[in-house]
Amino acid sequence: MKIIGINGSPRKGWNTHLLVEEALKGAASKGAETELVHLYDMRFRGCISCFACKKKENSGHCAFADELLPVLGRVGRCDGLILGSPIYISEVTASMRAFIERLTFQYVTYRKEGGSFIDRRIPVLSIYTMNVSEAQMKRIGYEEKFAFYEGRYNQLLGGPAKTLVSTETLQTDEYEKYEMSMFDAAARKKRRAEVFPLDLKKAFEMGAGLGSA
Ligand SMILES: Cc1cc2nc3c(=O)[nH]c(=O)nc-3n(C[C@H](O)[C@H](O)[C@H](O)COP(=O)(O)O)c2cc1C
């Protein structure tokens with residue numbers, strides 16, 4: 001069993017990366033082979049609408065030969081996928097969005113009967129980290145966005161898709177150095193010490209669920 005984790009944050013060692021890594025550790029605890037991909041280490045672009053993946057002789061396979069292509073191939077053969085992204089301007093990061101375009105559009109069929117070109121089921125765990133509180137997240141409507149992505153993964157990758165959120169994350173160890181007075185640095189640090197470990201635990205458990213699916 002192979003589980004792949006995708007880190008869609010540019011910051012290594014920070015919230016998203018740590019949660020993805022923990023989910024991979026959970027999968028490994030069930031005997032899965034794991035791989036971590038840092039999107040920001042790679043040069044790649046979103047879908048260029050070449051329609052190679054819709055050609056009769058190549059349907060379901062992206063053909064845009066940049067650094068992402070081999071990763072898409074491995075993801076297409078994996079047994080579980082972890083997609084971690086910070087929320088940037090109310091969305092996943094640009095790199096994660098480009099990854100999602102490339103991964104999912106290749107499986108979209110324009111056949112009358114619909115369906116997906118994928119020939120297997122890939123369970124997906126989405127991990128989102130964000131600045132806002134859980135109450136703000138609900139008020140702004142992020143949950144609908146996350147449900148939309150879950151729906152796409154169920155439809156195009158087979159699923160089942162699940163979601164883990166980590167809110168009010170620590171953005172920096174040194175709030176005093178930045179114009180960030182709207183945040184209560186002490187409260188953020190306290191949350192990092194007391195709540196973030198619980199998020200890591202959830203990530204481990206959900207990753208273990210993927211590893212034993
Ligand atoms: C460009 C940018 C835009 C952001 N936009 C939002 C946002 O719209 N909503 C939110 O809750 N947090 C936002 N954040 C905060 C990050 O989502 C949050 O700090 C996240 O945990 C960072 O993940 P990392 O520590 O893994 O890099 C933004 C951060 C950056 C750098």
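Computed from heavy atoms alone, side chains included, the values below leave out hydrogens, waters and symmetry copies. Both counts, for ligands and for their atoms, begin at 1 and track the order of listing.
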Legend entry - Within 45° cone and under 6.0 Å: K54 NZ/CZ vs F105 ring: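 Yes - K54 lies over the ring of F105, closer than 6.0 Å to its centre and within 45° of its axis.
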Legend entry - Derivation of the side-chain hydrogen bond (donor to acceptor under 3.5 Å, both in side chains) call for R191 and T167: CA-CA 10 Å; R191 190 176 170 87; T167 58; 3.0 Å; yes
Quick check: closest heavy atoms across [X] and [Y], and the distance to 0.1 Å?
| X | Y | answer |
| --- | --- | --- |
| S95 | L39 | O-CD1, 3.6 Å |
| S116 | R111 | O-NH2, 4.0 Å |
| T163 | F146 | CG2-CB, 4.2 Å |

Inset, instruction - Non-hydrogen atoms closer than 4.0 Å to ligand 1: which protein residues do they belong to? List them by chain and number, please. - result: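 Near ligand 1, by chain and number: S9, R11, W14, N15, T16, P86, I87, Y88, I89, S90, T129, M130, N131, V132, Y142, T169, Q171.
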Inset, instruction - State whether K202 and E22 are salt-bridged, where the test is any N-O pair (Lys NZ or Arg NE/NH1/NH2 against Asp/Glu carboxylate O) under 4.0 Å. - result: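 The answer is no: the pair does not qualify as a salt bridge.
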